[in-house]
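Everything below concerns the one structure shown next.
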Amino acid sequence: LFLNNCLLNVYAKCGSVEGAKKLFHSVDCRDIVSWNTLIDAYSMLGDVKKVSELFLRMRDEGIEPDGLSYVSVFSAVAGRGNVEVGRAVHAQMVTSGVELTKQAETSLLVMYSRCKKLKEALQIFERSDDKDLMLWTSMISGLLKNGSADQALRFFWQMLASGVKPSKETLACVLASCAKLGDIKLGTSIHCYTLRHKMAAGISLQNSLVSMYVKCGRLKQGFRVFSMMPERNVVSWNAILVGYAHNGYLTEALHFFSELRIACEEPDYITVACLLQACASVGAYQQGKWIHNFVVRSCLLPCIKISTTLVEMYSKCGDLVS
RNA sequence: AUUCGAGCUUAAC
């Protein structure tokens, strides 16, 4: 059983749910670890249906879910957004008497926050009597993502006051809040803090630094951080490109777009949507059509965001027929 | 060391 579970974990971690599934069904000796491993494999794929199905089936087979099983369900719901399923499982967890672990608490908070249920997320947070770094960071991120950047900063100060030290992830959220609020003063001091505490590495943190500077209108500073990054991903490129686009530099934004492709990074729907919005805002018809052409020939999946910005671009450029 | 939680880009209106 032990070895089978190890192997199951290997399949799951390597992204082979099929392998995990086969192994899971080929043996008749399973315990809670086997179930949790398989459920989490589906959860990581975002397959909420499979997750709930397995979750129900394990109870039928007489295995009571533990804290970890619940975490997988909450995380799956957080990714896809059917709150009602999440609420039901949450209620079941309460009645079942399974202990609310730190992980379950955090994944619940994240679930409600990603489903835009800020009140319920705040409730989880307030009811927690031992707020750790993960819970604080998740709450700060949740406030930011739900349009309360100012409150996110207030929570950050409270976190510091309560003696919890921020991680790079926390600071990335705080910087994103500064970006949203245009708070260059706090943004800069966070930057200094990361340098003083040897926390300035890490792609997410650097991405949020770039974003903070350009959103505050400090294009040169943002570009300086960007150009010194040892590693970049599509978020880095989007951050710098959007900064230039929002400050009225369409040509430069398009330049970053070609650089991105030279760097062999794949543009995503955000890249394209931002460029189209930039074209729309200055009425750049030719460039807009060129981006549209790129979208058609790319392997980007059609999505509402791209469609909307295409419509916006064409109408702002006066081409109502397209 | 058989299974588990947080983070960065898509401004504002």
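Residue numbers start from 1 in every chain, and the chains themselves are labelled A, B, ... in the order their sequence lines are given, proteins ahead of strands. A quick note: this is a predicted structure, and the numbers were derived from the prediction, not measured.
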NZ/NE/NH1/NH2 to OD/OE distance under 4.0 Å, A/Lys316 and A/Glu312: yes
Nucleotide nearest A/Leu144 when distance is taken to its side chain, options B/G7, B/U2, B/C8: B/C8
Proximity of A/Phe125 and A/Trp136 rings by center, below 6.0 Å: yes
Separation of B/C4 C1' from A/Leu135 CG (nearest whole Å): 15 Å
Nucleotide nearest A/Thr37 (side chain, heavy atoms from C-beta), chosen from B/C8, B/U3, B/G5: B/U3
Touch class at under 4.0 angstrom, heavy-atom based, for A/Ala176 against every strand present: sugar-phosphate
Sugar-phosphate only, base, or nothing, as touched by A/Ser211 at under 4.0 Å among non-hydrogen atoms: sugar-phosphate
OP1 or OP2 of B/U3 under 4.0 Å from side-chain N/O of A/Asn9: yes
B/C4 OP1/OP2 closer than 4.0 Å to side-chain N/O of A/Lys13: yes
Rounded distance (Å) that lies between atom P of B/A11 and atom OH of A/Tyr213: 22 Å
Whole-Å distance separating the CZ atom of A/Phe155 from the P atom of B/G7: 16 Å
Interatomic distance, A/Lys180 NZ vs B/G7 P [rounded to whole Å]: 15 Å
B/C8 OP1/OP2 closer than 4.0 Å to side-chain N/O of A/Lys145: yes
Sugar-phosphate, base or nothing in reach of A/Asp268, heavy atoms under 4.0 Å: nothing
Touch class at under 4.0 angstrom, heavy-atom based, for A/Ser167 against every strand present: base
Sugar-phosphate, base or nothing in reach of A/Thr137, heavy atoms under 4.0 Å: base
Phosphate contact (B/C8 OP1 or OP2) by A/Arg232 side-chain N/O below 4.0 Å: no
Distance, rounded to the nearest Å, where A/Ile32 contributes CD1 and B/C4 contributes C1': 11 Å
Nearest-angstrom distance from the residue atom CD of A/Glu312 to P of B/A11: 10 Å
Sugar-phosphate, base or nothing in reach of A/Lys168, heavy atoms under 4.0 Å: nothing
Sugar-phosphate only, base, or nothing, as touched by A/Val71 at under 4.0 Å among non-hydrogen atoms: sugar-phosphate
Residues clustered with A/Leu3, ILVMFWY side-chain links under 4.5 angstrom: A/Phe2
Contact under 4.0 Å: A/Gln206 side-chain N or O vs B/C8 OP1/OP2: no
Atom-pair distance (CD on A/Gln103; P on B/C4), nearest Å: 10 Å
Validation row, ring centre A/His191 to ring centre A/Tyr213 under 6.0 Å: yes
Sugar-phosphate, base or nothing in reach of A/Ser204, heavy atoms under 4.0 Å: base
Distance-minimising heavy-atom pair for A/Met139 and A/Leu122: CE-CD2, 3.6 Å
Test of ring centre spacing under 6.0 Å for A/Phe257 and A/Trp237: no
Sugar-phosphate, base or nothing in reach of A/Phe74, heavy atoms under 4.0 Å: nothing
Between C1' of B/C4 and CG of A/Leu109, the distance in whole Å: 16 Å
A/Tyr42 six-ring face occupied by A/Lys50 cation (under 6.0 Å, within 45°): yes
Interatomic distance at P, B/C8 relative to B/A12, whole Å: 15 Å
Side-chain-base donor-acceptor pair under 3.5 Å for A/Thr106 and B/G5: yes
Sugar-phosphate, base or nothing in reach of A/Val110, heavy atoms under 4.0 Å: sugar-phosphate
